[in-house]
There are 2 protein chains.
Amino acid sequence: MVSIGELSQQTGVSTQAIRYYEQIKLLPAPKRADNSYREYDDSDVERLQFVKRARQLDFALGDIAEILAFRDQNEPPCQYVMNVMAQQISAIEERVADLQRLRDELATLHRAGLTMPEDIEMKQCVCHLIKTGLSNEVGNDE
Amino acid sequence: MVSIGELSQQTGVSTQAIRYYEQIKLLPAPKRADNSYREYDDSDVERLQFVKRARQLDFALGDIAEILAFRDQNEPPCQYVMNVMAQQISAIEERVADLQRLRDELATLHRAGLTMPEDIEMKQCVCHLIKTGLSNEVGNDE
DNA sequence: CTAAACCTTATAGTAACTATAAGGTCAAGT
DNA sequence: ACTTGACCTTATAGTTACTATAAGGTTTAG
Ligand SMILES: [Zn+2]
Ligand SMILES: [Zn+2]
Ligand SMILES: [Zn+2]
Ligand SMILES: [Zn+2]
């Protein structure tokens with residue numbers, strides 16, 4: 001039996017996060033010692049290790065809860081896990097594409113800004129470009 | 001003078017977001033009509049358009065507030081804007097690198113999962129791999 | 001006997017909103 | 001005159017996955 005602090009050390013999950021997981025029922029409420037301290041056993045350690053890794057793979061807590069619910073009901077979660085992974089992968093790919101578009105836009109603006117004067121009215125300067133974007137601005141202002 | 005609904009339509013920012021921006025002092029509290037409805041003028045429209053675009057570039061509201069504060073104090077925000085853009089760009093690049101690493105890891109696990117059996121104990125199956133990672137698992141289990 | 005290093009619960013804060021409740025105002029139609 | 005619908009108002013709760021803080025109880029070492 002380990003205390004919450006020891007569980008935290010063994011898993012690298014903070015004690016507050018562990019209590020939070022218990023609160024949202026991702027982890028079962030553990031036994032309590034006479035002093036009302038939480039006491040965890042090996043299966044709790046294993047469960048939390050799984051949660052930790054799944055979080056590192058950026059699985060949502062709701063997805064992790066569903067995966068663990070499968071197991072708790074003696075059904076293999078494998079298929080569900082595969083689905084979540086597939087969804088994660090396409091979500092990430094979309095996010096990366098969005099971010100790269102954004103990065104290109106910012107880089108272009110930044111480059112343009114290097115050649116522009118300061119302007120308190122934000123008409124001649126890079127700030128103006130933020131508002132209008134580059135496309136309608138190259139060479140002809142308004 | 002335009003109402004909040006008209007301002008919303010002209011800028012593509014929801015009325016709730018507009019009220020929220022007012023609450024956090026990103027936008028000044030506008031005049032009120034006799035019926036206590038908010039009334040906006042052209043400078044409000046322009047300011048909100050700037051905010052909208054900056055948000056599309058994923059500037060944080062705090063950064064946008066600082067940019068607008070420069071202007072409100074008659075100082076050109078250009079330098080600050082350039083700094084924020086530079087920071088944004090490197091933050092995005094780091095995030096993209098992180099996401100790509102994550103994507104690769106998930107894709108590898110997913111591929112491995114296709115060849116693995118279902119296992120309610122999560123020992124032989126892809127779920128197990130989630131817990132341990134791939135590196136310590138290829139070919140030799142425990 | 002007291003100080004530290006634990007543990008407990010409850011609550012607030014993070015970012016940038018969205019959604020809802022409960023109500024007031026206004027123009028149009030019957 | 002009255003009702004319907006589309007506006008507007010404020011206040012509050014919810015989203016995600018936690019972290020941080022407050023205010024206190026317990027245990028161990030010096
Ligand atoms: Zn499995
Ligand atoms: Zn222009
Ligand atoms: Zn400027
Ligand atoms: Zn193994």
Side-chain angles (χ1 to χ4, degrees), chain A residues 1-27 29-40 44 47-48 50-68 84 87-88 91-92 95 98-99 102, chain B residues 1-27 29-40 44 47-48 50-68 84 87-88 91-92 95 98-99 102:
Chain A
M1 289 299 188
V2 294
S3 70
I4 194 170
E6 288 162 326
L7 179 61
S8 170
Q9 283 210 321
Q10 282 181 40
T11 56
V13 177
S14 75
T15 58
Q16 291 119 298
I18 294 170
R19 290 196 198 96
Y20 172 68
Y21 291 162
E22 179 183 331
Q23 192 185 308
I24 63 170
K25 280 149 201 200
L26 188 60
L27 301 182
K31 287 168 218 135
R32 298 300 183 110
D34 292 350
N35 51 17
S36 86
Y37 286 17
R38 288 171 178 81
E39 286 190 327
Y40 298 96
D44 294 314
R47 190 180 182 98
L48 185 52
F50 180 84
V51 172
K52 170 89 187 297
R53 258 299 282 174
R55 285 295 300 138
Q56 284 175 352
L57 294 173
D58 215 28
F59 285 30
L61 290 181
D63 288 331
I64 299 173
E66 293 210 56
I67 292 168
L68 291 172
V84 171
Q87 273 178 254
Q88 283 281 105
I92 288 170
R95 181 86 183 115
D98 286 349
L99 284 175
L102 185 56
Chain B
M1 289 298 186
V2 295
S3 69
I4 195 169
E6 288 163 326
L7 179 61
S8 170
Q9 284 209 321
Q10 282 180 40
T11 55
V13 177
S14 74
T15 58
Q16 291 119 296
I18 295 170
R19 290 197 196 94
Y20 171 67
Y21 290 163
E22 179 184 332
Q23 191 184 308
I24 63 169
K25 278 148 202 200
L26 187 60
L27 302 181
K31 287 167 219 136
R32 298 300 182 111
D34 292 351
N35 51 16
S36 85
Y37 287 15
R38 287 171 179 81
E39 286 190 326
Y40 297 96
D44 293 315
R47 191 180 182 97
L48 185 52
F50 180 84
V51 172
K52 171 89 186 299
R53 258 299 282 174
R55 284 296 299 139
Q56 284 175 351
L57 294 173
D58 215 28
F59 285 30
L61 291 181
D63 287 332
I64 300 173
E66 292 210 57
I67 292 167
L68 292 172
V84 172
Q87 274 178 254
Q88 284 279 106
I92 289 170
R95 182 89 183 110
D98 286 349
L99 284 174
L102 186 56

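Here is how names work: the chains are called A, B, and so on, in the same order as the sequence lines, proteins then strands, and each is numbered from 1. Keep in mind it's a predicted model, so treat the numbers as computed, not measured.
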What pairs of donor and acceptor atoms, side-chain ones from residues 31-39 of chain A against any protein atom, are under 3.5 angstrom apart with sequence neighbours left out?
{"residue": "A:R32", "atom": "NH1", "partner": "A:S36", "partner atom": "O", "Å": "2.8"}
{"residue": "A:N35", "atom": "OD1", "partner": "A:Y37", "partner atom": "N", "Å": "3.1"}
{"residue": "A:R38", "atom": "NE", "partner": "A:E22", "partner atom": "OE1", "Å": "2.7"}

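- An OP1 or OP2 oxygen of D:dA17 is reached within less than 4.0 angstrom by no side-chain nitrogen or oxygen of A:Y21.
- How far NZ of A:K52 is from CG of A:L48: 8.5 Å, rounded to the nearest 0.5 Å.
- Between the CD atom of A:Q9 and the OG1 atom of A:T15 there is a distance of 10.5 Å, given to the nearest 0.5 Å.
- The nearest pair of heavy atoms linking B:S14 to B:S8 is CA-OG, 3.9 Å.
- In the helix from C:dC1-D:dG30 to C:dT30-D:dA1, the terminal helix axes, each the rotation mapping four pairs' C1' atoms onto the next four within five end pairs, subtend 30°, rounded to 10°.
- Considering only heavy atoms from C-beta on, A:R53 comes within 4.5 Å of A:Q56 through its side chain.
- A:Q10 contributes no side-chain N or O that, together with a main-chain N or O of A:L7, makes up a donor-acceptor pair within less than 3.5 Å.
- Taking 4.5 Å as the limit, every side-chain heavy atom of A:Y40 sits out of range of all side-chain heavy atoms of A:T11.
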Just the table, please: protein N/O against nucleotides 9-12 of chain C N/O, every pair under 3.5 Å.
{"residue": "C:dT9", "atom": "OP1", "partner": "A:R32", "partner atom": "NH1", "Å": "3.4"}
{"residue": "C:dT9", "atom": "OP1", "partner": "A:R32", "partner atom": "NH2", "Å": "3.0"}
{"residue": "C:dT9", "atom": "OP2", "partner": "A:R38", "partner atom": "NH1", "Å": "2.9"}
{"residue": "C:dT9", "atom": "OP2", "partner": "A:R38", "partner atom": "NH2", "Å": "2.8"}

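- We find that CZ of A:F59 is positioned 17 Å from P of D:dT16, with the value rounded to whole Å.
- Rounded to the nearest 0.5 angstrom, A:R47 CZ and A:I64 CD1 are separated by 11.0 Å.
- Counting to the nearest Å, the P atom of D:dC7 and the CD atom of B:E39 are 17 Å from each other.
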Collect all protein-nucleotide pairs involving nucleotides 21-24 of chain C in which both atoms are nitrogen or oxygen and the distance is under 3.5 Å.
{"residue": "C:dG24", "atom": "N2", "partner": "B:Y37", "partner atom": "OH", "Å": "2.9"}

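- Protein atom CG of B:L26 is 13 Å distant from nucleotide atom C1' of C:dC17, rounded to whole Å.
- Residue B:Y20 contributes atom OH, which lies 11 Å from atom C1' of C:dT18 at whole-angstrom precision.
- Following rounding to the nearest Å, A:L27 (CG) and D:dA17 (P) show an atom-to-atom distance of 14 Å.
- Between the C1' atom of D:dT19 and the CD1 atom of A:I18 lies a distance of 14 Å, rounded to the nearest Å.
- Considering only side-chain N and O atoms, A:N35 lies under 4.0 angstrom from the phosphate OP1 or OP2 of D:dT27.
- As rounded to whole Å, 15 Å separates atom C1' of D:dG14 from atom CD1 of A:I24.
- The distance from the CD1 atom of B:I18 to the CG atom of B:L26 is 11.5 Å, given to the nearest 0.5 Å.
- Annotation for A:L57 and A:Q88: closest pair O-NE2, 3.0 Å, computed over non-hydrogen atoms.
- Remark: A:D98 pairs with A:R101 by the salt bridge (Lys or Arg N to Asp or Glu O under 4.0 Å) rule, at least two apart or across chains.
- Spacing between atom NZ of B:K25 and atom P of C:dA16 amounts to 18 Å, rounded to whole angstrom units.
- Contact of the B:R55 side chain with the B:V51 side chain is registered, since non-hydrogen atoms from C-beta on lie closer than 4.5 Å.
- In this structure, the side chains of B:Y21 and B:V13 come closer than 4.5 Å at one or more pairs of heavy atoms.
- How far CG of A:L68 is from NZ of A:K25: 15.5 Å, rounded to the nearest 0.5 Å.
- Of the residues in residues 1-17 of chain B, B:S3, B:I4, B:G5 come within less than 4.0 Å of DNA chain D through at least one heavy atom, sorted by number.
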